[in-house]
Amino acid sequence: MKLATKLIHAGAEPDPSTGAIMTPIFQTSTFTQEAPGKNKGYEYARSQNPTRTALEKALAIIENGKHGLAFSSGVAATDAVIKLLQPGDEVICANDMYGGTYRLFTKVFEKFGIQFKYVDTTNTDNVASAITDKTKLVWLETPTNPLMNITDIAAVASITKAKNILLAVDNTFASPYLQNPLDLGADIVMHSVTKYLGGHSDVIQGALIMNDDELREKLYFIQKSCGAVPGPMDCFLVLRGIKTLGVRMKAHCENGSKIAGWLRSNSKVAKVYWPGFEDHPGYAVAKKQMRDFGGMISFELKNDSIEEAKRVLSSTHLFSLAESLGGVESLINHPASMTHASIPREERIKNGLSDSLIRLSVGIEDADDLINDLDKAIG
Ligand SMILES: *Cc1c(COP(=O)(O)O)cnc(C)c1O
């Protein structure tokens, strides 16, 4: 089945008791049992909920995986993966990943004796040489946030497979419409469902998708034991969001391409980060592992001051100044003071994240209106 069809029909079975075409919102905490231990597959809604089950099936199908697990947020999904580890274990991860992931690793998990090594994963040799006999997990994000760096998932997978190390990929920026890491050899795909999968800026949710049955059992055990599950209403909203992922992503990609090109030709813009440019260092890999280049763009101004960046950020009207991404409406954001404020400044600059960097989540409005808005703001 082709992707556009899968997105509409994934996991959707009419409700057996009524024939309702849309999976109902099972707003219930518990399920009556016919006799002790005799039930219809549902006992208590932290463990299972039919709306969540329908969504988890859909998530698995659209990522070409066998199992899906939905969490109360993206960071809760990441948290579950790290809880597979023991004190003394090492994790290799990208040096410019999502700020909240960095915060979770350094501020929460380091104190439990798990070691995190940050390397530039765009050069896969760095991953290979960071591996020790304590390495249990490689955590990738591609494209990265916000510099749009690209890591070759298949190349890293061939390294981790040979050493029996788990490979998890944060696929939030690409969405399953553009990239399917399990097909490239990853063991776990993580999503901040909050972004493109939800797509309408109205839900916080996370997901993990995997093929291995044993891995699914371990992660399900953590999900149920730690309890970071999403509510049925949120699962319903994401089931609805997934149906339009195809049409939305197509529009995000088209607008992204137009705006990236326009920014690049603007005399006040110093540099544009977008993986669809042929001279982007990750272009060849992006072309190989992604179906298109997405609607996330970052740029630096020629007047490289924090004041000028702030002036632009407060001058747009269609681009709303806000954290997050992946919704139908365009957002503009300042990583240094917003999404990546939790990363120390020296660390940030060292990793190429300048004070004046501006990040766009290009929505699906008319591209001419968006360009007009940016043109007036950049001035
Ligand atoms: C937003 C985001 C997360 C965290 O997800 P939440 O749903 O906010 O908990 C993780 N990774 C990336 C790339 C993100 O953009």
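Residue numbers run from 1 in the order of the sequence given. Whatever order the structure lists ligands and atoms in, that order sets their numbers, starting from 1. Only a predicted model underlies this, so the values are computations on that prediction, with no experimental measurement involved.
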Can you tell me how far apart NE2 (H334) and OG (S298) are? Round to the nearest 0.5 Å.
11.0 Å

K136/E90 salt bridge by N-O under 4.0 Å criterion:
no

With a 4.0 Å cut-off on heavy atoms, is L325 in contact with ligand 1?
yes

Do Q205 and S73 pair up side chain to side chain, a donor and an acceptor below 3.5 Å, judged on atom types alone?
no

Under a 4.5 Å cut-off applied to non-hydrogen side-chain atoms, are Q48 and F31 in contact?
no

Within the structure, does G74 bring an N/O atom to less than 3.5 angstrom of an N/O atom in ligand 1?
yes

Atom 10 (C) of ligand 1: closest protein heavy atom, distance to 0.1 Å, is Y98 CD2, 3.4 Å

Test: R264 cationic atom under 6.0 Å from F277 six-membered ring centre, within 45° of axis
yes

Nitrogen or oxygen of T194 less than 3.5 angstrom from that of ligand 1
yes

Closest to atom 5 (O) of ligand 1 among protein heavy atoms sits S192 OG, 2.9 Å

Is the closest heavy-atom distance from Q205 to ligand 1 below 4.0 Å?
yes

Would R46 count as a cation-pi partner of Y44, with NZ or CZ less than 6.0 Å from the six-membered ring centre and within 45° of the ring normal?
no

Considering non-hydrogen atoms of the protein only, which is the closest contact for atom 12 (C) of ligand 1, and what is the distance?
D170 OD2, 3.4 Å

Here the atoms of ligand 1 under 4.0 Å from any heavy atom belonging to E141 are 13 (C)

Same cluster or not: L7 versus F173, using hydrophobic residues (I, L, V, M, F, W, Y) connected whenever any side-chain heavy atoms lie under 4.5 Å apart?
yes

State whether the shortest distance between N or O atoms of T101 and N or O atoms of ligand 1 falls below 3.5 angstrom.
no

Protein heavy-atom partner closest to atom 14 (C) of ligand 1 - residue, atom, separation in Å:
K195 NZ, 3.0 Å

N/O to N/O below 3.5 Å, does that happen between M190 and ligand 1?
no

K287 atom NZ, over 12 foreign heavy atoms within 6.0 Å:
no

